[in-house]
Amino acid sequence: MTFSEAILISILPLAASLLCIRAIARLERGQLADLLLISSLFFMSAAQTLAYLSGAVNTELMFNFAHCYLMGIFWMATSLVIYVYHLGQKHSPAILYLYIAPLILSVMHMAGFLTNGFRLQDGHPMHLDGEFSIIGDFYLLACVVTCGFLIYQNLRRVDSAVWLSKNLFLLLALVPLVIITGTGMLLSMTKYAIPLAIVGPVTILYVVGVFSYLSRPTVVNLSMGLDLLFGRLSLIKAIAVAEYTPDTIKSLKSDLERQGLAEAYEQNEGSVYKTAEYLGVDHSTVRKKIKLFNIARKPAIDKA
């Protein structure tokens, strides 16, 4: 690997490292789960950057940094479980005992049980599975399943619009990550395999971006959109099964009016005057309808 090639492929993990540093600097006091996760992501992206840069100078040094990167995956997966647990608005110091698992796996890794060295393929390091490498694979799979279960529990229990939106955002963010990872694995078995030097940095940059955004005090309000979606589905169902009598028509008309007013009110940031202008009616009518339908705007959430 030439030095110019090393610099080129290290740009993405370097960008991820800098993004981690920026996110850590912006964290507020008490965001321990965010700090642990972003720190582990920084460790991985920094190790990846140094592995690529050192590859142009010393192959053995590149392999050492690659070892650090692989061990960092266990710590990152554990930090992710702790982070998702925290998204359920639960706080327990005992959850930190989970770090015993990546500590044991790191010792096994250094002893050669999980990774038995590296080989070069097209100038890039490729690890060789150790005798018990399946243990590390099962641990990562267990972390993913646990995160999915915790997100499901969080969506059922959290009562804050901000925390609900963070869980929904994370759930949506995992979809392209699964697609990217799955596509990469499938292509790796064909002649169209995407080089690891591209898949790895792109994936970690995406993950760092997601959690840097989620570390903010507020995120885009997805919970309101979910409520409106369920409201519309309920109306569609009611219209489909309704027996069209004067009473049911009046009830459906009232539901549709409330639904439309709630959307307009939320879209105009809870301003009666803006909502009235948007709908083309008098503001006193909007105020009266809001009171009649008992429409309350959700807590303000940053929509950036």
Does Leu103 share a hydrophobic cluster with Leu96, counting links as ILVMFWY side-chain heavy atoms below 4.5 Å and allowing steps through other members?
yes
Can you spot which of Val208, Leu37, Ile204 makes a side chain to side chain contact (heavy atoms under 4.5 Å, CB included) with Cys20?
Val208
Does Phe113, at its CZ atom, have more than 12 non-hydrogen atoms belonging to other residues, nucleotides or ligands within less than 6.0 Å?
no
Find out whether Tyr83 and Leu36 are in side-chain contact, i.e. whether some heavy atom of one side chain is under 4.5 Å from a heavy atom of the other.
no
Does Lys274 have any side-chain hydrogen bond (donor to acceptor under 3.5 Å, both in side chains) partners at least two apart in sequence or in another chain, and if so, which?
none
So do Thr59 and Phe118 actually touch side chain to side chain, heavy atoms under 4.5 Å?
no
When you look at Leu128 and Thr115, which way does the side chain to side chain contact (heavy atoms under 4.5 Å, CB included) test go after all the steps?
CA-CA 6 Å; Leu128 304 173; Thr115 299; 5.7 Å; no
Are Leu261 and Val286 side-chain neighbours, meaning at least one heavy-atom pair lies under 4.5 Å?
yes
Less than 4.5 Å apart, any side-chain heavy atom of Tyr273 and any of Arg287?
yes
I'd like to know if Leu170 and Tyr85 are part of one continuous hydrophobic network [Ile/Leu/Val/Met/Phe/Trp/Tyr, side-chain heavy atoms within less than 4.5 Å].
yes
Is there a path of hydrophobic side-chain contacts, each under 4.5 Å between heavy atoms, that joins Phe169 and Leu177?
yes
Can you hop from Val84 to Leu140 via hydrophobic side chains spaced under 4.5 Å?
yes
Applying side chain to side chain contact (heavy atoms under 4.5 Å, CB included) to Leu155 and Leu171, what does each step give before you reach the verdict?
CA-CA 10 Å; Leu155 290 174; Leu171 188 62; 4.1 Å; yes
Donor-acceptor contacts under 3.5 Å from residues 65-80 side chains, at least two apart:
residue, atom, partner, partner atom, Å
His67, ND1, His109, NE2, 2.8
Trp75, NE1, Ser106, OG, 2.9
Thr78, OG1, Phe74, O, 2.9
Thr78, OG1, Tyr139, OH, 2.5
Ser79, OG, Trp75, O, 2.9
Ser79, OG, Tyr99, OH, 2.7

Would you compute the distance between atom CD1 of Ile7 and atom CG of Leu14 and round it to the nearest 0.5 angstrom?
10.5 Å
In a check of side chain to side chain contact (heavy atoms under 4.5 Å, CB included) between Leu174 and each of Val207, Ile151, Val144, which one passes?
Ile151
What distance do Leu87 atom CG and Leu150 atom CG have between them, rounded to the nearest 0.5 Å?
9.5 Å
Can you get from Leu98 to Phe43 by hopping between Ile, Leu, Val, Met, Phe, Trp and Tyr side chains that sit under 4.5 Å apart?
no
Partner of Asn154 by side-chain hydrogen bond (donor to acceptor under 3.5 Å, both in side chains), out of Lys166, Gln89, Lys90:
Lys90
Any non-hydrogen side-chain atom of Phe211 less than 4.5 Å from a side-chain atom of Leu214?
yes
For Leu19 and Ser212, the nearest pair of non-hydrogen atoms, with its separation, is CG-OG, 3.7 Å
For Glu131, look at atom CD and say whether over 12 heavy atoms of other residues, nucleotides or ligands are found less than 6.0 Å away.
no
For Ala262 and Ile295, which heavy atoms make the closest approach, and how far apart are they?
N-CD1, 4.0 Å
Does a side-chain heavy-atom distance below 4.5 Å link Phe132 with Ile135?
yes
Between His91 and His86, how do the two ring planes meet: parallel, tilted or perpendicular, split at 30° and 60°?
perpendicular
Can you name the nearest heavy-atom pair linking Ala33 to Ile82, along with the distance?
CB-O, 4.4 Å
Please round to the nearest 0.5 Å and tell me the distance separating atom CG of Leu205 and atom CD of Gln48.
10.0 Å
Can you tell me if Ile134 has over 12 outside heavy atoms packed within less than 6.0 Å of its CD1?
no
Is the backbone N or O of Ala47 less than 3.5 Å from a side-chain atom of Tyr52, with the two atoms forming a donor-acceptor pair by type?
no
Between Asn167 and Trp163, is there a donor-acceptor pair closer than 3.5 Å when you use the side chain of the first and the backbone of the second?
yes
Which ILVMFWY residues are connected to Leu27, directly or by a chain of links, through side-chain heavy atoms under 4.5 Å apart?
Ile24, Leu35, Ile38
What are the two closest non-hydrogen atoms of Met62 and Gly55, and how far apart are they?
SD-CA, 3.5 Å
